Amino acid sequence: MLEKTYDSASAEPRIAALWDKAEAFKAGAGAKPGAEAFSIVIPPPNVTGSLHMGHALNNTLQDILARFERMRGKDVLWQPGMDHAGIATQMVVERQLSQKGANFGRRDMGREAFVEKIWEWKAESGGLIFNQLKRLGASCDWSREKFTMGAHGEAGDQMVDAVTEVFVQLYNEGLIYKDKRLVNWDTKFETAISDLEVENIEVDGFMWHFKYPLAGGESYEYVEKDADGNVTLRETRHYISIATTRPETMLGDGAVAVHPSDERYRPIIGKLCEIPVGPKEHRRLIPIITDEYPDKDFGSGAVKITGAHDANDYGVATRNGIPMYRLMDTKGAMRADGAPYAEAASQARAFVAVGGQPDANAVDAVNLVPDEYRGLDRFEARKRVVADIDADGLMIMVENKKIMQPFGDRSGTVIEPMLTDQWYVNAEELAKPAIAAVREGRTKLVPENWDKTYYQWMENIQPWCISRQLWWGHQIPVWYGPDGKAFCAENYELAIEQAEEYYSELNDDAALGEAFNDSTISQYEKITVVAVDDAYGSSKDQSGRYRAKPNSSSTMTGIEDGGYAEIEIDLVRDPDVLDTWFSSALWPFSTLGWPEKTPELARYYQTDVLVTGFDIIFFWVARMMMMGIHFMKEEPFHTVYVHALVRDKDGQKMSKSKGNVIDPLDLIDEYGADALRFTLAIMAAQGRDVKLDPARIAGYRNFGTKLWNATRFAEMNGMKADPDFKPENAKLAVNRWILTELSRATAEITDAITAFRFNDAAGAAYRFVWNQLCDWHLELLKPVFMGADEAAKAESQVVLAHVLDETFKLLHPFMPFMTEELWGVTAEKRKTLLCHAPWPQASFSDPAAADDVNWLIDTVTAIRSIRSEMNVPPATQAPLYVVGANAQTKDRLARHETAIKRLSRVSEIQLSDTAPKSSAQFTMGEATGCLPLGSLIDLTAENARLAKELARIEGDMAKVSGKLGNERFVANAKPEVVAAERARLAELEGEKVNVEAAKARLAEL
RNA sequence: GGGCGUAUAGCUCAGCGGGAGAGCACUGCAUUGACAUUGCAGGGGUCACAAGUUCAAUCCUUGUUACGCCCACCA
């Protein structure tokens, strides 16, 4: 016998162990021979992560699909795994190390030791989330767990091979390349990040207006006109007015630009002006140029151009050959290295004098930062610059201004646009087939309104910056020769081969000389300074020079012609690692064994559905589409189901800072995993965020208890599973009715899950169990079980067992633990676990039985309603008189007599020609039911009740007959609609007659 | 600036071209037998506003208002 309530805390671990032992979720477990494959890859949680509400929703939905398809007999693979999450993980481990003391920074440790520490940490505490997912009931094939960084220490690890293979192939195809561009630089983590990792947030800022004096004290006539061409200002100026929100970048200005049609500045175009910062004797002069970029109507119409620190300026500088000066170091402090200030100034003069191109190599080598600003943090420098200019009297004004400021999504620091060398993927090229795949329906987004978002982003996609100056990640498989020449290969040996081939073919003496110089040692050191500087995390050796550790060396022979009998080539590996999302992009095929041609790859790729939140559509979904199509020649998934965010009950995004985070594990502890899952499923309506109120979870926990107790009731009444049971063989109307309802619910749930309408599926299950099975079927069976009809009793015991079994199955995807538990305890010897039981078929329907029982339900409800409104004490029994019953009603009354008596507390049922005195009356189809309540009846109340009823009927009739009286309605509406309205009118008329008769009878009393 | 979305009961939300729904909350009644994590009954809505399409609009179209999100962005 079942306990009175279900104890999730003790049952869940037991059930989980059962599944574990049976290896119930291994790919293909429980599948029929020759079954169709069904595969899902999990969005790999961060190795640092712990289960949050988003994971709970995401994995609940995946698990519903996995369990559903498994029960439908498919060969299901739900592929689990974790993401190494470059920045996030490195950050966590660094933070932990820093708590140990000052000497535990990653730099103190060195790269190798630090990375080893991360692996150690991963082994100890990483992957916590897997246990949490198991607590949620996730039916992944845990034996296939993958990690985007592969297994530590294994040479030739396949997950690493996949990344290398992809990089090398894309490199050879020209789709990966190195470029010097403006990148988003995170000054906290000292790495480049991609556009997607930047959040633009509006903040309060200032816009300063400064005077840039014309060189040599020159002046011009400044004329400002209004829209009609009337002069509104005319004065002689010695300066040009420049507005900026970032004064500290003035030090790196390369020019001032105005729009070519801007007449105000025509006299001074091509002249020089002075940047009003730095030692007076050394102020740098920059040219005034024209470009389409400046907006005449914004500010003064003149823009300072700082190509190395602003994305728009970068474009202007590139177009016009303006030099770009990188002002800051990797931490965002003003550079403290480089050439003296005067040298930069003269270089700038030279540039202008010859009207020539900037010397690209000189760009980084020159330091334009005057002594007083060196080493200052950029924001400190800003204050100083402003103060200095103000002190010189060159500040015109300062305005308060809302500015959009870029922040790193992980670091929270202000992102600095920085001119650096990075690796890029040509995303534009890869996006083309990925766009076509969705446009041509090979991959469907659900709900489909995400299509537009996808297209919009994909069609405007920018080069994807994939290199990161971190230590935790896949190191880029590129090695540099002594002259900086890049060799991209699967490993060092292959890179060396490439290098040998390259250098041996380079038999031009001069070229070779340039590559190696006379002394390979000195050249090597020189090159490593360029390739590996402090920013990239190499360690300084004791002599203070920068050194990189060569992986190994190779001796090359055979180029004696060049005069070098033997040259030693040391290749230095690119120290950067790849963006985390690079390896995640390969997830649908790397987890299946690619680049090997494994059977799993053949069987489970293309995956069926990806379940994910909209927040990673760009980060992840789009990239998987690109990589999957490029390398597998087939889209990675048939369907992408995009779910919403989980918010708190007030619609706020959950965040630690707001303190409104709900921990799913707490909810599982309190209510059980099933309750949480069911709540998430029933609230997961497409296209709307899930606002989670713990009160709802309690409600759905109660739902589980309801089912539990329904089973308990069945147990008490001798439920009996009959393997040969067929719904068609049931005789009792109540049984045929519940079997019909079961079938209807089965169809509804099946259709809804298939269409990813999880809320509809859960809702249908809820209504079936609570409102049909418990509220009515069990209540209607009570008289049967208490009665003397042994055949009816026996049938009901079998039907009940069957209905419950099917219900367990229908609910299993949503509430796997409790249903598995109930399945296990309700029969002596189950051949299979519930999770491998066949999904119910919706094959039975008996409309006549449905009508019959629905009539009974209506009758009971009507009587209860009257009793309640008349305040009849529950203990009081009253007889029921039925007036004007036809043959069918008489039959029904006879068959359901016991049920009616019991459920509506009626003492006896009598057919009658007239209504007895002092009775409340209600409609029973063509007949009228009368409850002679004698002194209990409140004539006034009953009269009012009937009047209200009549008003409702008449109101409805007016509406319906209005419609039917409208010729155009009859002519234009669909025939079945017209017919339905006619039938409804007839029904209402019948009711009206009954109610009027009842009123009349009441009046006679 | 571009795109997406939302507005239905006190709250959280389904629904959607032909009779306004659920859960929670609220009110009344019920406590020996599946279940108080319960049962029965009930109150509560100009379906944001306006115009249009239609025989018919909560639903479709357009506009307005309010709120939310994503992308881009003027120094």
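As the structure is a computational prediction, the values presented were derived from the model and not from experiment. In what follows, chains are A, B, ... by sequence order, proteins preceding strands, each numbered from 1.
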If you measure from the [atom1] atom in [N] to the same atom in [M], how many Å do you get, rounded?
N: B/U64; M: B/G2; atom1: P; result: 12 Å
N: B/G17; M: B/C11; atom1: C1'; result: 29 Å
N: B/C47; M: B/G15; atom1: C1'; result: 11 Å
N: B/A36; M: B/C29; atom1: C1'; result: 14 Å
N: B/U46; M: B/G28; atom1: P; result: 24 Å
N: B/G23; M: B/A41; atom1: P; result: 12 Å
N: B/C40; M: B/U31; atom1: C1'; result: 13 Å

Determine whether any donor atom in the side chain of A/Q456 lies under 3.5 Å from an acceptor atom in the base of B/A72, or the reverse, and answer yes or no.
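Absent.
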So does A/K706 reach the base of B/C35 with its side chain, donor to acceptor, closer than 3.5 Å?
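Donor-acceptor pair under 3.5 Å: yes.
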In terms of ring plane angle, is the pair A/F210 and A/W208 parallel, tilted or perpendicular, where the classes change at 30° and 60°?
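Geometry flag for A/W208 against A/F210: parallel rings.
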For the residue pair A/F678 and A/Y700, does the interplanar ring angle fall in the parallel (under 30°), tilted (30 to 60°) or perpendicular (over 60°) class?
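Tilted, since the angle between the ring planes falls between 30° and 60°.
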Strictly by modelled atom types, are A/Y212 and A/D253 linked by a side-chain donor-acceptor pair under 3.5 Å?
yes
Modelled atom types, side-chain donor and acceptor of A/S10 and A/D7, under 3.5 Å:
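Present: a donor and an acceptor within the cut-off.
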A/R902 vs A/K782, side chain to side chain contact (heavy atoms under 4.5 Å, CB included): CA-CA, chis, key distance, verdict:
CA-CA 9 Å; A/R902 180 188 161 86; A/K782 281 176 184 173; 3.1 Å; yes
Measuring to OP1 and OP2 of [N], would you say a side-chain N or O of [X] lies under 4.0 angstrom away?
X: A/N972; N: B/C55; value: yes
X: A/N702; N: B/U38; value: yes
X: A/K4; N: B/A36; value: yes
X: A/K948; N: B/G43; value: yes

Pairs under 3.5 angstrom, nitrogen or oxygen only, protein versus nucleotides 5-10 of chain B, please.
unit_1 : atom_1 : unit_2 : atom_2 : d
B/U6   : O3'    : A/R688 : NH2    : 3.1
B/A7   : OP1    : A/R688 : NH2    : 3.0

Here's a test for you: under side-chain contact (heavy atoms from CB on, under 4.5 Å), which of A/D195, A/T453, A/I461 qualifies with A/F618?
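The residue from A/D195, A/T453, A/I461 that satisfies side-chain contact (heavy atoms from CB on, under 4.5 Å) with A/F618 turns out to be A/T453.
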